[in-house]
Amino acid sequence: MNYNVDEKGYYGEFGGAFIPEMLYPNVENLRQQYLKVMADPTFIAEFDQLLKDYVGRPSPLYFAKRLSEKYNTKIYLKREDLNHTGAHKVNNTIGQILMAKRLGKTRIIAETGAGQHGVATATVCALMGMACIVYMGEIDIARQAPNVARMKMLGAEVRPALSGSRTLKDATNEAIRDWINNPVDTHYIIGSAIGPHPYPDMVTRFQSIISEEIKWQLKEKEGKENPHYVVACIGGGSNAAGTFYHFLHEKEVGIIAVEAAGKGVDTGESAATSVLGKEGIIHGCKTLLMQTQDGQITEPYSISAGLDYPGVGPMHAHLYKTGRAEFIAVTDDQAMQAGMQLSKLEGIIPAIESSHAFAVLETKNFKPDDVVVINLSGRGDKDLGTYIDYFKL
Ligand SMILES: *Cc1c(COP(=O)(O)O)cnc(C)c1O
């Protein structure tokens, strides 16, 4: 079984590039160039150096002693929370801005929901001196004021999406419209392992630095490269794709993907796509998607803004369909408790997205000798308001 993308841009039956005719030249140019560019030694050198000196990689692989004692298993945390800007998203935006430069682009557009991807994009645009326009739903602009301020400080223009539900999907539509109108000078930086081929594969490859590092770090600490399990939360699926990538074809490594169940899978307020989703097309690819009987996309819900997405990337849809990965849905309450516990036991306040991955420790029994690597995708500073409200701190 192959879990990587095939030549046609598919993972099994999922993936592809379902795009308006007018975007075809852009996407096709990217498809023809991306692997060549990523294999170029000068590109690799520049990417590696920025990851080291600007992002602060390698991120540590930390043995969580007290958490391990509590669950009677060996738990390691991959510390993506320690990256510059506080999460894994910057791995992808650094890669894509270098790609944009190689393709001769001078202007960057992005969509953002909670603002995290917008901030990561605005950051690398400041770094490279590139024009940056971030589309964001009007409702999200009001809800995520600190991230809007960050983007402005970083020199980005934040353009409100005023149509529809005025949230992420409307921002995405605006970004696509912009790209159609500016096909020559503009690169569209998509923020997760989603979108038309080659985006899911390109984003996955940029994020795969996570599992590449886990391998040699685990070899140093445990004497072997492969853990028994890797665990990551899934919104669109980029931190999970990066965490899983180098283990996909290692049969002895169990893969656990954690989705946001919101208030509960059956409550109508959920974002557990593997359970609730059916095949459909979103953001230019065929994947699992939460939708009504007649194919309208359903509004997802999660307490965590980064997991509040109605689909999953096509690679994950394939991992689910083939049974290669185990999918577990975790409620808001379970995630919040897990986040509080990690803070108390290890002195690490996780992003609420990442807290979902930690909640798995309560629902799944690992053996004492199991080595479990959990990807700590981001830090909790941005979520302090939510923690305060929830726990009445
Ligand atoms: C955006 C975000 C996620 C979800 O996005 P993926 O593409 O699924 O990784 C998870 N964790 C953090 C900290 C995020 O900012």
Side-chain angles (χ1 to χ4, degrees), residues 1-4 44 47-49 51-53 55-83 87-88 91 204-234 237-258 315-316 319 322-328 338 341-342 345-348 350 354-379:
M1 184 66 78
N2 175 30
Y3 300 107
N4 292 325
I44 294 171
F47 184 54
D48 287 352
Q49 192 181 7
L51 288 185
K52 178 167 176 280
D53 295 336
V55 176
R57 303 202 73 91
S59 68
L61 185 69
Y62 165 68
F63 175 63
K65 185 158 172 289
R66 298 188 68 210
L67 195 66
S68 296
E69 277 164 13
K70 156 116 203 204
Y71 290 101
N72 194 24
T73 191
K74 285 177 113 172
I75 303 165
Y76 283 90
L77 313 187
K78 183 57 173 159
R79 298 292 307 274
E80 294 300 298
D81 60 317
L82 295 177
N83 293 339
H88 67 288
N91 302 325
T204 296
R205 285 169 186 265
F206 287 138
Q207 292 291 0
S208 72
I209 185 69
I210 299 173
S211 47
E212 190 183 312
E213 288 174 3
I214 292 172
K215 281 207 161 225
W216 63 257
Q217 290 171 320
L218 215 50
K219 175 90 183 168
E220 273 179 17
K221 290 177 198 292
E222 290 286 329
K224 59 186 183 70
E225 292 188 336
N226 288 347
H228 295 86
Y229 294 94
V230 282
V231 184
C233 66
I234 293 211
S238 70
N239 89 90
T243 304
F244 301 163
Y245 187 77
H246 289 285
F247 301 113
L248 289 172
H249 298 95
E250 305 282 349
K251 286 202 185 72
E252 79 240 43
V253 181
I255 294 178
I256 300 177
V258 187
M315 179 179 124
H316 299 294
L319 293 177
T322 57
R324 175 65 185 96
E326 180 180 356
F327 279 66
I328 296 177
Q341 175 173 269
L342 186 69
L345 282 181
E346 297 289 346
I348 298 171
S354 319
S355 296
H356 284 73
F358 285 88
V360 158
L361 294 167
E362 283 289 325
T363 59
K364 194 162 163 81
N365 271 323
F366 296 107
K367 298 197 205 78
D369 290 335
D370 282 348
V371 172
V372 181
V373 176
I374 302 179
N375 194 42
L376 180 42
S377 55
R379 66 176 86 123

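What you are looking at is a predicted structure, and each value in this text was computed from that prediction instead of being measured. Just so you know, residue 1 is the first one in the sequence shown, and it goes up from there.
Side-chain atoms of Tyr3 and His249, non-hydrogen and from C-beta on, do get closer than 4.5 Å to each other. Looking only at side-chain heavy atoms (C-beta outward), Leu376 and Phe358 come within less than 4.5 Å of each other. Pro60 places a side-chain heavy atom less than 4.5 Å from the side chain of Leu82. Side-chain contact between Ile348 and Arg79 is present, with at least one heavy-atom pair separated by less than 4.5 Å. Side chains of Cys233 and Asn239 form a contact here, defined as non-hydrogen atoms less than 4.5 Å apart.
Here Arg379 pairs with nothing under the side-chain hydrogen bond (donor to acceptor under 3.5 Å, both in side chains) rule; sequence neighbours left out. Under the side-chain hydrogen bond (donor to acceptor under 3.5 Å, both in side chains) criterion, Tyr76 pairs with Glu222, not counting sequence neighbours. Taking Gln49 as the reference, Asp53 meet the side-chain hydrogen bond (donor to acceptor under 3.5 Å, both in side chains) condition, with sequence neighbours excluded. Here Asp48 pairs with Ile44 under the side-chain contact (heavy atoms from CB on, under 4.5 Å) rule; sequence neighbours left out. A search for salt bridge (charged side-chain N to carboxylate O under 4.0 Å, His left out) contacts involving Arg324 returns nothing, not counting sequence neighbours. In this structure Leu345 satisfies the side-chain contact (heavy atoms from CB on, under 4.5 Å) test together with Arg66, Leu67, Lys70, Gln341, sequence neighbours excluded. Applying the ring-ring contact (aromatic ring centres under 6.0 Å, His included) criterion to Phe247, with sequence neighbours excluded, gives no partner residue. Taking Ala87 as the reference, nothing meets the side-chain contact (heavy atoms from CB on, under 4.5 Å) condition, with sequence neighbours excluded. For Thr73, the side-chain contact (heavy atoms from CB on, under 4.5 Å) partners two or more places apart in sequence, or in a different chain, are Tyr71, Ile75, Phe366, Asp370, Val372. Residues that satisfy the side-chain hydrogen bond (donor to acceptor under 3.5 Å, both in side chains) test with His316, not counting sequence neighbours, are absent from this structure.
Taking CD of Gln217 as the reference point, atom CZ of Phe63 lies at 15.0 Å (rounded to 0.5 Å). Taken to the nearest 0.5 Å, the CG atom of Leu319 stands 6.0 Å off from the CD1 atom of Ile255. Summarising the geometry, atom OG1 belonging to Thr243 is positioned 13.5 Å from atom OH belonging to Tyr245; distances are rounded to the nearest 0.5 Å. In this structure, Glu220 CD and Leu61 CG are separated by 9.5 Å, a value rounded to the nearest 0.5 Å.
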Sequence neighbours left out, cut at 3.5 Å: what donor-acceptor pairs do the side chains of residues 209-216 make with other protein atoms?
| residue | atom | partner | partner atom | Å |
| --- | --- | --- | --- | --- |
| Ser211 | OG | Ser208 | O | 3.3 |
| Ser211 | OG | Gly242 | O | 2.7 |
| Ser211 | OG | His246 | N | 3.2 |
| Glu213 | OE1 | Arg57 | NH2 | 2.9 |
| Glu213 | OE1 | Ser59 | N | 3.2 |
| Glu213 | OE1 | Lys78 | NZ | 2.7 |
| Glu213 | OE2 | Arg57 | NE | 2.9 |
| Lys215 | NZ | Asn226 | OD1 | 3.3 |
| Lys215 | NZ | Glu250 | OE2 | 3.3 |

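For residues 356-369, the set of pairs meeting the salt bridge (charged side-chain N to carboxylate O under 4.0 Å, His left out) definition, not counting sequence neighbours, comprises Glu326-Lys364.
Among all heavy-atom pairs drawn from Asn375 and Ala232, the shortest one is CB-CB, 4.2 Å. Across every non-hydrogen atom of Asp81 and Gly378, the tightest pair is CB-C, 3.4 Å.
Residue-environment remark: NZ (Lys65) stays at or below the threshold of 12 foreign heavy atoms within 6.0 Å.
Although no hydrogens or angles enter the test, the distance criterion places no donor-acceptor pair under 3.5 Å between the side chain of Ser377 and the main chain of His88.
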From CA spacing to verdict: side-chain contact (heavy atoms from CB on, under 4.5 Å), Val371, His228: CA-CA 5 Å; Val371 172; His228 295 86; 3.8 Å; yes
